[in-house]
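Here's the structure we're looking at; comments come further down.
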Amino acid sequence: MSYRGNDSNENSQQTDIGAALRNGREILFQAFNWESHKHDWWRNLERKVPDIGRSGFTSAWLPPATHSFAPEGYLPQNLYSLNSKYGSEHLLKGLLQKMKQHKVRPMADIVINHRVGTTQGHGGTYNRYDGISLSWDEHAVTSCTGGLGNRSTGDNFHGVPNIDHTQLFVRKDITAWLQWLRNNVGFQDFRFDFARGYSAKYVKEYIEGAKPIFSVGEYWDSCNYNGHGLDYNQDSHRQRIINWIDGAGQLSTAFDFTTKGILQEAVKGQLWRLRDPQGKPPGVIGWWPSRAVTFLDNHDTGSTQAHWPFPSNHIMEGYAYILTHPGIPSVFYDHFYDWGDSIHDQIVKLIDIRKHQDIHSRSSISILEAQPNLYSAIIGDRVCMKIGDSSWCPTGREWTLATCGHRYAIWHK
């Protein structure tokens with residue numbers, strides 16, 4: 001992967017898969033939560049697009065837009081039907097058009113680890129897809145989930161047929177479907193759901209085939225815990241995410257679940273966790289920041305599922321960290337639109353500082369303090385930040401306070 005060059009004019013981006021990664025100036029927005037399917041979602045989002053664009057987001061991750069057995073979209077069946085619980089195909093197309101006008105790229109949620117069958121086949125399970133487009137038979141389903149295909153190349157998603165990506169006919173069909181989403185429907189970016197479920201080499205093949213501008217994979221497994229809580233050292237956890245990125249040919253980013261796990265413990269008076277033994281950030285951003293998408297919560301960890309939530313009274317410290325640090329930050333819908341105008345406006349201010357001070361995914365970082373109640377760092381050469389209860393400010397007259405809030409402050413030169 002070449003890291004030279006910073007031009008990201010639109011024409012080169014259409015064909016150059018790596019341009020957005022090299023540029024490193026993405027700011028993502030997760031534009032839904034677990035309950036969104038109940039709220040006429042495509043219409044609701046269309047009203048918010050001007051604000052999303054104005055706030056500085058480059059890409060908005062939409063929920064799965066295809067027909068699904070479950071209303072949230074994560075049990076897909078008819079992949080070519082764009083009528084879902086989030087709204088009709090017509091409303092979706094209107095939303096995508098509005099996003100194009102406001103220069104926010106639409107990110108499609110790509111759910112290709114599993115697919116709900118339409119008819120019973122081998123063994124009496126619903127492992128055939130008769131009567132709909134991509135009418136696969138049992139050979140498209142892994143042998144470990146009731147099909148006649150090969151064994152899975154990853155972890156099983158239980159209770160539903162898992163797609164066998166080793167089959168050439170399956171990969172050709174998926175690539176053609178992704179090309180349709182990219183070139184006909186109008187999605188520009190991809191988010192790969194349950195990326196642990198199949199080999200990363202197939203993600204590489206799909207990205208090369210469909211050429212999204214930007215991709216991110218959800219490689220989520222458990223952090224390392226001991227009898228007293230979270231281990232200080234999460235190197236094996238971040239290494240597994242890095243191995244996935246490598247397996248995908250370095251063409252995709254991955255969500256930095258390591259940073260999420262550490263940061264949400266650190267803000268509870270354990271900010272010493274935010275410096276690893278080498279003096280670097282302890283998550284994926286400490287090792288491969290240009291491929292790490294940082295976030296505080298998503299529709300699984302937060303929202304009404306709350307499988308692994310970020311402590312709600314520390315949200316702004318979390319955003320002060322990820323929006324000033326290297327990596328590619330992502331903001332969650334709930335925090336931005338449901339937690340009040342003050343939080344919304346504070347996040348916008350942090351995005352504004354990131355853009356104006358030209359912090360990007362590869363910005364340098366020097367960690368100054370990492371104590372129980374104080375973390376401070378200089379990012380690039382123009383931004384300094386602190387989070388935590390302890391009072392602190394940078395030495396030197398060149399620093400000007402840019403913004404501050406409860407338990408955080410940012411300065412610039």
Side-chain angles (χ1 to χ4, degrees), residues 27 229-234 256 258-287 289 292 294-297 310-329 331 335 339-340 342-413:
I27 299 176
L230 186 73
D231 284 349
Y232 167 62
N233 187 319
Q234 296 291 331
D256 191 348
T258 319
T259 289
K260 155 136 174 100
I262 294 170
L263 185 60
Q264 67 188 27
E265 296 303 316
V267 293
K268 304 176 199 168
Q270 301 175 27
L271 292 167
W272 48 267
R273 292 180 177 276
L274 295 179
R275 178 162 55 191
D276 76 6
Q278 284 69 51
K280 294 181 153 191
V284 182
I285 56 169
W287 281 356
T294 52
F295 70 104
L296 303 190
D297 265 327
F310 200 92
S312 56
N313 53 335
H314 293 277
I315 285 293
M316 283 315 304
E317 286 160 274
Y319 281 120
Y321 181 91
I322 68 171
L323 286 168
T324 58
H325 275 52
I328 298 154
V331 173
H335 300 150
W339 288 35
S342 170
I343 299 270
H344 173 283
D345 295 347
Q346 288 178 76
I347 292 171
V348 170
K349 180 68 179 169
L350 291 171
I351 293 172
D352 196 50
I353 292 167
R354 184 179 184 88
K355 290 196 172 242
H356 278 100
Q357 303 304 321
D358 199 31
I359 298 172
H360 51 83
S361 66
R362 291 183 192 77
S363 288
S364 63
I365 175 164
S366 171
I367 298 171
L368 305 175
E369 300 282 354
Q371 304 167 20
N373 292 298
L374 172 64
Y375 171 87
S376 63
I378 293 176
I379 302 94
D381 51 7
R382 294 176 20 199
V383 171
C384 184
M385 60 79 72
K386 65 99 15 183
I387 55 175
D389 280 326
S390 299
S391 59
W392 183 91
C393 61
T395 54
R397 284 184 163 167
E398 69 270 29
W399 294 107
T400 305
L401 186 68
T403 190
C404 61
H406 190 44
R407 299 198 198 95
Y408 76 90
I410 321 283
W411 297 262
H412 63 72
K413 284 185 177 174

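Values below: every heavy atom of this structure, side chains too, minus hydrogens, waters and symmetry copies. All figures in this text were calculated on a predicted structure; none of them were measured in a lab.
Closest of all the heavy-atom pairs between S363 and G380 is CB-N, 4.4 Å. Residues M385 and I410 come closest through the heavy atom pair CB-CD1, 3.7 Å. When all heavy atoms are compared, the tightest approach of D231 to Q234 is O-NE2, 3.0 Å. Nearest approach of P372 to W272, heavy atoms of both residues: CA-CD1, 3.8 Å. Smallest separation of non-hydrogen atoms from E265 and Q270: O-CB, 3.8 Å.
Taking the side chain as every heavy atom from C-beta outward, F295 and V331 never approach each other to under 4.5 Å. Side-chain contact between L274 and I367 is absent, with no heavy atoms from C-beta onward closer than 4.5 Å. Annotation: side chain of L296 is in contact with side chain of L263 (closest heavy-atom distance under 4.5 Å). Residues L271 and Q371 have side chains not in contact (no heavy-atom distance under 4.5 Å, counting atoms from C-beta outward). Side-chain contact between I378 and V383: absent, with no pair of heavy atoms (C-beta onward) separated by less than 4.5 Å. Contact annotation: the side chain of I347 approaches that of M316 to within less than 4.5 Å [non-hydrogen atoms, C-beta and beyond]. You'll find the side chain of L323 stays beyond 4.5 Å of the side chain of I353, heavy atoms only. The shortest side-chain heavy-atom distance between Q346 and L350 does not fall under the 4.5 Å cut-off.
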For the pair V348 and H344, evaluate side-chain contact (heavy atoms from CB on, under 4.5 Å) and give the outcome as yes or no after the intermediate values.
CA-CA 6 Å; V348 170; H344 173 283; 3.8 Å; yes
Kindly determine whether K386 and L368 satisfy side-chain contact (heavy atoms from CB on, under 4.5 Å), including the steps that lead there.
CA-CA 9 Å; K386 65 99 15 183; L368 305 175; over 6 Å; no
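Here the SG-CD distance, from C384 to Q357, works out to 12.0 Å after rounding to the nearest 0.5 Å. Once rounded to the nearest 0.5 Å, the distance linking OG of S361 with CD1 of I328 reads 5.0 Å. Of the inter-residue distances, the one linking L230 atom CG with Q264 atom CD reads 8.5 Å to the nearest 0.5 angstrom. Interatomic distance, OG1 of T324 versus CD1 of I379, reported as 4.0 Å (0.5 Å rounding). In this structure, the separation between CD1 on I387 and CD on E369 is 13.0 Å, given to the nearest 0.5 Å. Note that CZ of R354 and NE2 of H325 are 10.0 Å apart. Values are rounded to the nearest 0.5 Å.
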Indicate every side-chain donor-acceptor pair of residues 276-286 with a distance under 3.5 Å to a residue at least two apart or in another chain.
unit_1, atom_1, unit_2, atom_2, d
D276, OD1, Q278, N, 2.8
D276, OD1, G279, N, 3.0
D276, OD1, K280, N, 2.8
D276, OD2, R238, NH2, 2.9

Anything under 3.5 Å between a donor and an acceptor, one on a side chain of residues 390-403, the other on a protein residue two or more places apart or in another chain? List them.
unit_1, atom_1, unit_2, atom_2, d
S390, OG, N373, O, 3.3

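Between K260 and D297 there is a salt bridge, since a side-chain N of the basic residue sits under 4.0 Å from a carboxylate O of the acidic one. Under 4.0 Å is where a charged nitrogen must lie from a carboxylate oxygen, and between R407 and D389 at least one such pair does.
Under the 30°/60° scheme for interplanar angles, the aromatic rings of Y319 and H335 are found to stand perpendicular.
Checking E317 against Y375 by side-chain atom types alone, no donor-acceptor pair falls below 3.5 Å.
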